[in-house]
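One structure below.
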Number of protein chains: 2
Amino acid sequence: MTNDGAAGRPITGSGHVPTPLSTRRLGRDQILREAVRFIDANGREQLTMRRLGAELGVEAMALYRYVHGREQLLDGVVEYVMNELYEATMTGKVAESWQEYLQAMAHGVRALAIGHPRIFPLVATRPPAAPWLRPPLRSLRWVEEFLEGLARHGFTGHQSVVVYRAFSTFLLGHLLLEASTQGGEVAPVEDDVEFFETNDLSAYPRLLELSPELSKDAYDNEFEDSLEDLINRMGVLRS
Amino acid sequence: MTNDGAAGRPITGSGHVPTPLSTRRLGRDQILREAVRFIDANGREQLTMRRLGAELGVEAMALYRYVHGREQLLDGVVEYVMNELYEATMTGKVAESWQEYLQAMAHGVRALAIGHPRIFPLVATRPPAAPWLRPPLRSLRWVEEFLEGLARHGFTGHQSVVVYRAFSTFLLGHLLLEASTQGGEVAPVEDDVEFFETNDLSAYPRLLELSPELSKDAYDNEFEDSLEDLINRMGVLRS
DNA sequence: ACCTGAACACCGTTCAAGT
DNA sequence: ACCTGAACACCGTTCAAGT
């Protein structure tokens with residue numbers, strides 16, 4: 001598709017491999033970047049070794065030189081967006097209070113979930129590298145830095161673990177929900193239409209009564225309010 | 001595999017179709033039950049139309065008479081376990097207080113997650129029928145009854161919606177985490193070994209220091225403690 | 001060194017054909 | 001009415017072969 005024409009490829013002189021212009025040499029980073037882009041655009045069901053190859057102007061088999069297989073490719077995709085998260089959350093200026101710190105971390109992860117709604121379920125559900133590396137915080141480097149930050153703000157080791165656990169659970173619940181309704185496999189409108197066609201809500205009076213309120217998008221408030229609750233709860237640890 | 005021999009099948013008399021004994025006639029329910037059993041045993045990656053057919057002593061194509069395709073089959077699996085949940089939580093004796101009620105509901109869903117750890121991710125991540133039918137509570141009938149129960153215990157419609165939202169988020173975060181470490185695609189021991197072989201934790205001093213505490217299984221306490229917090233928070237609504 | 005062609009063992013799904 | 005055989009358009013992955 002984005003193949004820039006083997007026929008008209010400019011040959012750049014001297015004997016050796018004529019590195020195609022613009023299309024940089026294939027490599028793990030380029031592959032992962034393209035995979036992320038592809039999933040963002042088409043959903044993870046559509047991602048196929050063969051299609052990803054085609055998108056990069058190469059046969060599927062060429063990818064195996066850089067990733068061990070499809071599963072490892074998906075792990076690589078998770079790794080890729082976690083690196084984005086690291087850049088976004090860990091390289092800015094330091095927070096003044098631990099409350100601000102947790103706020104910044106939470107909003108950073110949320111931005112990832114909203115920015116890549118079709119990738120976030122992978123971050124949330126791929127089998128983790130270590131059993132205690134809890135989704136959606138799936139990067140050793142990120143978690144190390146997170147614990148480090150907590151320590152800087154006066155948390156003991158034990159307290160940090162409690163915070164890490166509560167924090168990851170909180171993010172998983174809120175963001176997986178938000179991402180999966182956003183990056184919906186089905187367009188929301190079509191969804192509703194199909195739904196009311198095939199389901200007779202009249203058998204469910206309570207749902208019928210509350211469905212207007214249930215349909216209201218309240219993710220922003222839910223997130224902010226529960227985050228504040230979480231932070232308050234964590235404050236109790238320190239007293 | 002469970003095919004009981006077309007060769008030795010007993011013909012039961014009069015002209016019409018000789019319903020095979022023990023192997024009941026193929027039907028949607030039997031297919032879904034087998035699919036659930038199969039995923040519990042082998043994981044959802046292994047579930048294939050062809051293999052499921054074989055397990056039922058039939059070619060894959062025969063399944064299409066009862067389920068529209070693989071996606072619908074997975075939806076059916078979710079439906080199946082949600083019906084189990086309904087039986088488990090909604091047909092017992094009624095709770096005396098709303099706190100007891102929420103406790104019972106929460107523990108019911110947790111029992112589902114622990115009882116079917118390899119199916120729970122489906123319940124948690126399949127695109128929902130309606131955008132406001134929030135995972136992991138993926139049954140109109142169940143949610144209707146849940147809201148009904150809240151009303152019985154004196155919650156207004158608006159309050160019920162708030163409770164439903166907080167409750168679903170809570171369950172999603174806690175149980176998806178617990179289920180995915182339990183129904184692990186990789187055995188936990190093998191996991192740890194592989195992990196320490198391929199990752200040099202010495203670059204992460206904080207993780208190294210805290211890894212013993214991080215490895216501790218604390219799901220029981222985490223669940224009970226946060227559930228209590230959640231219930232307390234919901235209590236504030238009513239004041 | 002890096003990519004490809006051909007091949008293998010699988011998929012989901014359809015449809016005409018068998019009983 | 002219910003199941004199957006054959007076929008189609010795909011997969012992931014391997015490996016010897018090309019340049």
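All values reported here derive from a predicted model rather than from experimental measurement. Residue numbers start from 1 in every chain, and the chains themselves are labelled A, B, ... in the order their sequence lines are given, proteins ahead of strands.
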I'd like to know if the side chain of A:R51 and the backbone of A:Q46 have a donor-acceptor N/O pair within less than 3.5 Å.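 Here the side-chain-to-backbone pair exists.
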
Quick one: does NZ or CZ of B:R141 land under 6.0 Å from the six-membered ring centre of B:Y86, within 45 degrees of the ring axis? yes

Could you tell me whether A:M49 contacts a base, only the sugar-phosphate backbone, or nothing, with contacts defined as non-hydrogen atoms closer than 4.0 Å? sugar-phosphate

May I ask you to say what B:R65 touches in the nucleic acid, namely base, sugar-phosphate or nothing, with a heavy-atom cut-off under 4.0 Å? base

Working to the nearest 0.5 angstrom, can you tell me the gap between A:R206 CZ and B:E148 CD?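 Interatomic distance, A:R206 CZ to B:E148 CD, rounded to 0.5 Å: 5.0 Å.
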
With sequence neighbours excluded, tell me which residues meet ring pair (Phe, Tyr, Trp, His ring centres under 6.0 Å) with A:H107. A:F223

Just grab all the salt bridge (Lys or Arg N to Asp or Glu O under 4.0 Å) pairs involving residues 166-175 of chain B, residues at least two apart or on different chains.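 For residues 166-175 of chain B, and leaving out neighbouring residues, there are no salt bridge (Lys or Arg N to Asp or Glu O under 4.0 Å) pairs at all.
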
5'-most contact on DNA chain C: B:R51 or A:R50, nearest heavy atom basis? A:R50

Between which nucleotides of DNA chain D, read 5' to 3', does contact with chain B run, using atoms under 4.0 Å from its heavy atoms?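 Range of nucleotides touched by chain B: D:dC2 to D:dA7.
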
What would the secondary structure line of DNA chain C be in dot-bracket form, counting Watson-Crick and G-U wobble pairs under 3.5 Å, with [ ] for pairs that cross earlier ones and | for pairs with another strand? ||.|||||...|||||.||

Excluding sequence neighbours, so at least two apart, what forms side chain to side chain contact (heavy atoms under 4.5 Å, CB included) with A:D40? A:V36, A:H116, A:I119

Can you list every pair that meets side-chain hydrogen bond (donor to acceptor under 3.5 Å, both in side chains) and has a residue in residues 63-73 of chain A, with sequence neighbours left out?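 Sorted pair list: A:E71-A:R126.
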
Under 4.0 Å between a Lys/Arg side-chain N and an Asp/Glu carboxylate O for A:D220 and A:R110?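 Between A:R110 and A:D220 there is a salt bridge, with a charged N closer than 4.0 Å to a carboxylate O.
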
Residue whose nearest DNA chain D nucleotide is more 5′ - A:H68 or B:A62: B:A62

